[in-house]
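Below is one structure, written out as structure tokens; the observations come after it.
Quick caveat, the model's predicted, so the values are computed rather than measured. Residue numbering restarts at 1 for every chain, and letters A, B, ... go by the order of the sequence lines.
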Amino acid sequence: MPENTPISSTSSNHRIEHFVADIEQTPLQATDSLNEQAAPLSLWAEAWKNLRRQPLFIISALLILLTLTVAFFPGLFTQTVPTQCDLINSNAGPDGGHPLGFTLQGCDVYARLIHGTQASLAVGVFSTLGVLIIGGTIGAIAGYYGGWLDAVLARLADIFFALPLILGAIVINSLPAVREHRSVWTVVATLVVLGWPQIARITRGAVIEVRNADFVVAAKSLGVSRVKALITHVIPNSLSPVIVIATVSLGVFIVAEATLSFLGIGLPGTVMSWGNDIAAAQTSLRNNPSTLLWPAVALSITVLSFIMLGDAVRDALDPKARKR
Amino acid sequence: MLRFIFRRVLQVIPVFFGSTLIVYYLVFSMSGSPIDALSGGKPISPAVVAQLTAQYHLDQPFFIQYGIFIKNLFTFNLGTSFSGRPIAAIIGQAFPVTARLAIMALAIEAIFGVTAGVFAGLRKGKLFDGTVLIASLVVIAIPTFVLGFVLQFVVGVKLGWAKPTVGSAADWADLTLPAVVLGLVSFAYVLRLTRTSILENMNADYVRTATAKGLSRRRVVMVHILRNSLIPVVTFLGADLGGLMGGAIVTEGIFNVPGVGNTLYRAVLAGEGPMVVSIVSILVLVFVLANLLVDLLYAWLDPRIRYA
């Protein structure tokens with residue numbers, strides 16, 4: 001069909017000319033080509049489709065995958081035993097088989113870096129899971145049921161929120177009962193006890209937004225019980241802001257572990273972690289900065305990849321932000 | 001507005017008592033006997049034990065002890081440290097130093113963070129925006145104590161632009177480097193928050209109206225966009241005071257600043273219960289009051305909060 005041909009009507013005596021744009025020039029054709037039979041993508045499927053195209057997501061996901069591999073299979077990356085240290089090598093530079101040199105105690109920096117991944121990552125992952133379970137449950141219950149339960153739980157969250165993370169962690173971790181049994185789990189427990197209010201607040205806000213939505217009311221009017229409506233309808237639809245904050249918190253918890261270990265009340269010295277390595281390296285900063293540099297770089301890259309993942313997920317889950 | 005202020009002020013009370021009660025319980029009921037901590041676990045004479053028990057009310061039930069502590073806290077009658085100095089005097093000496101440090105850090109992050117955030121937001125997608133965004137991510141990912149060591153080494157030792165350790169005088173000039181270190185991470189958050197907020201408001205209807213009625217670009221940005229964009233930033237700054245107090249423990253340790261954080265850390269390591277509880281309670285009070293102030297400011301900036 002030639003362009004902009006007036007469509008003539010021959011049904012009557014007058015010739016009526018309709019100047020209508022050709023169908024190929026209108027946006028209508030996109031609408032027509034939609035498959036009406038196909039089920040619409042869910043929020044998550046849509047987000048996933050969007051995520052796969054983002055370079056930020058791909059880079060951070062690959063970095064996190066690499067970190068996880070290192071944490072689970074350190075043997076794939078180094079054959080050197082990280083605890084076999086020889087003072088002859090104290091502060092020695094890199095040489096064959098020891099690409100990053102040695103610490104003050106003559107330990108291989110690279111091997112300690114690889115074997116320290118597990119503890120640092122474990123603290124981040126388990127603390128995040130802990131705050132998600134505790135903070136998520138409390139926040140969801142407070143937001144969903146409202147009333148006096150909400151008032152009590154919100155005050156409880158406020159009380160714990162008033163104890164700053166590092167400040168509170170120093171007090172808890174220096175208690176004799178905790179100090180004598182220091183491990184990954186005591187650090188995780190401390191961070192969870194102090195960190196849950198943030199997730200609770202976010203979850204509560206998200207649940208309040210969703211709890212009176214039409215689909216929840218519809219589910220209830222179809223005879224779904226209140227608890228079941230909360231679990232199957234409200235919570236899945238209020239997860240997105242929570243996931244974003246949880247991803248970023250994971251990085252914050254890794255940094256917190258390092259800070260506590262640096263202060264001497266985090267992981268015990270027998271556990272290899274980036275925080276412990278940085279703390280041990282502070283004495284030789286002026287003559288061998290690389291012992292401090294490498295664990296710090298590893299820690300920062302890991303934290304950075306979780307922050308970038310959080311950014312990417314937020315963009316994917318928030319259609320309003322996507323347009324910008 | 002008055003009703004809002006009243007309700008918000010009332011909320012402070014349970015929060016303050018709840019959090020100080022937790023700290024008090026942790027330090028005194030879970031740490032074993034404070035007398036053992038004082039004597040280092042060595043046997044001491046019953047007369048001294050009796051005197052200390054009476055002095056610290058150790059024979060009273062837990063809640064009475066807590067009540068006495070709160071009363072003493074508000075009358076600044078905090079007892080003496082293990083070394084015999086009055087705790088109130090130690091805090092009185094250390095507190096102004098930390099306050100100076102925290103104010104400088106807050107000022108640095110607020111002034112530089114908001115300015116850079118506004119420029120990045122207004123020039124979205126340009127070189128400045130991209131550079132600033134990447135740099136802020138890197139700063140966020142580096143722990144404060146690593147930043148502290150590196151800046152102390154580079155600026156203090158190698159370049160000699162600032163004193164690497166602060167020492168007892170701790171005046172404004174000495175505290176500049178520690179304040180930069182303390183404020184740097186939050187600076188990055190403020191920057192990103194301001195930028196996002198500016199972007200959200202830039203296309204709002206009221207901004208278009210302001211431009212359409214012929215206001216200068218400068219006035220539109222400074223008054224209309226900025227005021228509305230600052231609301232989340234102000235909230236963050238208030239909540240960040242808690243982070244600054246935690247960060248102060250690390251920063252003061254690295255730069256040898258004779259502030260509250262340093263005093264607290266040494267008290268924690270020495271197991272000085274009364275000192276730890278007093279300092280933490282004061283810090284919690286400061287944090288709670290700062291958040292109260294922020295919420296009131298928030299309500300003043302955004303009328304929607306007042307009437308909710």
[X] portion near chain B, given a 4.5 angstrom heavy-atom threshold:
X: A:Phe160; value: side chain
X: A:Asn173; value: neither
X: A:Leu304; value: both

Give, for atom [atom1] of [X] and atom [atom2] of [Y], the distance between the pair rounded to the nearest 0.5 Å.
X: B:Ile249; Y: A:Ile166; atom1: CD1; atom2: CD1; value: 8.0 Å
X: B:Ile13; Y: A:Arg155; atom1: CD1; atom2: CZ; value: 11.5 Å
X: A:Ile307; Y: B:Arg192; atom1: CD1; atom2: CZ; value: 7.5 Å

Problem - Passing candidate, side chain to side chain contact (heavy atoms under 4.5 Å, CB included) with A:Val171, options B:Ile22, B:Ile279, B:Val280 - result: B:Val280
Problem - Option from A:Val255, A:Ile278, A:Leu293 for which side chain to side chain contact (heavy atoms under 4.5 Å, CB included) with B:Val146 holds - result: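 Going through A:Val255, A:Ile278, A:Leu293 one by one, the side chain to side chain contact (heavy atoms under 4.5 Å, CB included) with B:Val146 is satisfied by A:Ile278 alone.
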Handout entry: Aromatic ring pairing A:Phe262/B:Phe145, orientation class (parallel under 30°, perpendicular over 60°, tilted between)
Key = parallel
Exercise for the section: Taking all non-hydrogen atoms of both residues into account, name the closest pair between B:Pro143 and A:Ser300 and its distance. Expected result: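 That would be CD-OG, 4.1 Å.
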Problem - Shortest non-hydrogen separation from B:Val15 to A:Ala162 and the atoms involved - result: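 Smallest heavy-atom distance, with atoms named: CG1-CB, 3.8 Å.
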Where on [X] is there a heavy atom nearer than 4.5 Å to chain A: the side chain, the backbone, both, or neither?
X: B:Ile142; answer: both
X: B:Phe16; answer: neither
X: B:Leu283; answer: side chain

Exercise for the section: Look at A:Leu165, A:Val252, A:Leu299, A:Thr259 and state which one has the largest set of heavy-atom pairs under 4.5 Å with chain B. Expected result: A:Thr259
Practice task
Select, from A:Ile254, A:Ile170, A:Ile172, A:Val297, the one with the greatest count of heavy-atom pairs under 4.5 Å involving chain B.
Solution key: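 Highest number of heavy-atom pairs under 4.5 Å: A:Ile170.
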Problem - For chain A, the option from B:Phe149, B:Phe287, B:Phe17 that forms the most heavy-atom pairs under 4.5 Å - result: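 Top option by heavy-atom pairs under 4.5 Å: B:Phe149.
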Handout entry: Residue among B:Leu21, B:Leu137, B:Val288, B:Ile254 with most heavy-atom pairs under 4.5 Å to chain A
Key =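 Maximum pair count with chain A is reached by B:Leu137.
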Problem - A:Leu167 vs B:Leu264 side-chain heavy atoms within contact, under 4.5 Å - result: yes
